[in-house]
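Read the structure below first, then the notes.
Ligands are counted one by one from 1 in listed order, and the atoms in each one are counted from 1 as well. What's counted below: heavy atoms across the whole structure, side chains too, no hydrogens, waters or symmetry copies. All values derive from a computational prediction rather than experimental measurement.
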Amino acid sequence: MRSYSLIAPAKINLYLEILGIRPDGYHELAMVLQSIDLADHIHLSASSTDTIRVRCEHPQVPTDKTNLAYKAAELMAVQFPDAFAQYGGVEITIDKRIPVAAGLAGGSTDGAAVLVGLDLLWQLGLTQSQLQELAAQLGSDVPFCVAGGTAIATGRGDQLSPLPSVENLYVVLGKYRSLTVSTAWAYQTYRQHAGSNVADPTFEPRLGVHSGPMVKAIIHKNAREIGQRLHNDLEQVVLPKYPQVLQLRQAFQDTGVLGAMMSGSGPTVFALCESYDQAQQSQQQVRAAFPDPDLNLVVAQFSSTGIRVAS
Ligand code: C5P
């Protein structure tokens with residue numbers, strides 16, 4: 001086949017704990033990650049040239065070499081020069097539906113889709129673990145985006161252990177369109193101000209892990225408990241800087257949902273809901289409280305899949 005269309009889902013963090021600073025400068029993490037059915041659509045087609053080209057109409061998405069989708073194609077071309085020479089260049093079209101710089105891994109999932117798509121287009125037959133190794137070279141969240149579902153992520157966020165899927169839960173995602181947060185900024189600020197213990201060289205990372213109750217709640221498919229165990233250390237730096245995000249989180253909580261939390265480095269906050277109806281009601285109540293058109297509210301469902309082929 002000369003072209004593939006792929007579905008690239010967003011993720012939310014049900015749990016994010018910062019355990020320490022690693023020798024490579026990244027942070028040692030314990031996270032629980034969950035795919036949702038809000039997804040970008042990626043189209044890959046072989047071009048007769050020897051170039052990589054990214055198209056995207058979203059004004060906040062770069063189409064140059066800084067785009068993770070571009071970097072993914074470049075990585076594949078370097079790793080598999082014979083295939084690149086045989087099949088030629090590639091045109092990558094991104095239909096961007098996931099909010100940008102939002103803590104939802106929108107860029108990472110596009111990169112993951114390009115890895116999976118080029119594996120198919122170039123008929124490489126890579127294994128899941130080979131794809132994940134390549135994914136880790138692109139970014140900490142990219143391996144999870146390849147596999148998707150529900151997983152514990154440790155290390156930089158790239159070491160994955162799958163968890164049983166929890167499919168019939170819903171979220172309302174709330175994001176101010178004009179507000180973006182840099183992940184690097186969030187971690188650096190955490191390191192400087194909030195997490196003095198992570199910079200302590202005597203700090204013993206393993207003692208700090210508290211994700212057990214969340215993992216148990218997921219294994220037992222206990223939605224109420226999952227809602228109570230939501231946690232994100234990066235809230236400590238992002239919420240004080242953006243009071244409107246804190247207010248939004250509180251407003252979600254006040255609608256009687258299972259729980260509300262910021263995802264990743266934010267600024268998206270999500271309300272965890274036990275049904276589609278509850279999610280719609282929460283969305284309507286928050287919309288009534290915040291009629292600001294800059295606030296984007298979307299209902300999404302938990303999903304058990306990562307990158308998948310649409311056609
Ligand atoms: O890995 P990725 O490129 O997605 O990470 C973006 C930035 O987030 C990194 O440059 C780093 O500043 C920060 N980060 C971190 N520790 C992690 C993951 C990300 O400090 N485990």
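At under 3.5 Å, a nitrogen or oxygen of Arg156, whether backbone or side chain, sits near a nitrogen or oxygen of ligand 1. Inclusion of Ser140 in the set of residues having an N or O under 3.5 Å from an N or O of ligand 1 is warranted.
A salt bridge links Arg249 with Glu235: the distance from a Lys NZ or Arg NE/NH1/NH2 to an Asp or Glu carboxylate oxygen falls below 4.0 Å. Salt bridge absent: Arg156 and Glu28 never bring a charged side-chain N and a carboxylate O closer than 4.0 Å. A salt bridge does not link Arg97 to Asp40: none of the charged side-chain nitrogens sits closer than 4.0 Å to a carboxylate oxygen.
In this model, no donor atom of one side chain and acceptor atom of the other lie less than 3.5 Å apart for Ser47 and Glu91. In this structure, a donor-acceptor pair under 3.5 Å is absent between the side chains of Lys65 and Asn67. Side-chain contact, Thr66 with Asp64: a donor N or O sits under 3.5 Å from an acceptor N or O.
Taking atom 5 (O) of ligand 1 as the reference point, the nearest protein heavy-atom neighbour is Tyr26 CE2, 4.1 Å. Among protein heavy atoms, atom 8 (O) of ligand 1 sits closest to Thr183 CG2, 3.3 Å. Protein heavy atom in closest approach to atom 14 (N) of ligand 1: Tyr187 CD1, 3.4 Å.
Interface atoms of ligand 1 facing Gly139, defined by a heavy-atom separation under 4.0 Å, are 1 (O). In the vicinity of His27, heavy-atom distances shorter than 4.0 Å reach the ligand 1 atoms 15 (C), 16 (N), 17 (C), 20 (O), 21 (N).
Within the structure, ligand 1 has Leu29 among the residues with a heavy atom less than 4.0 angstrom away.
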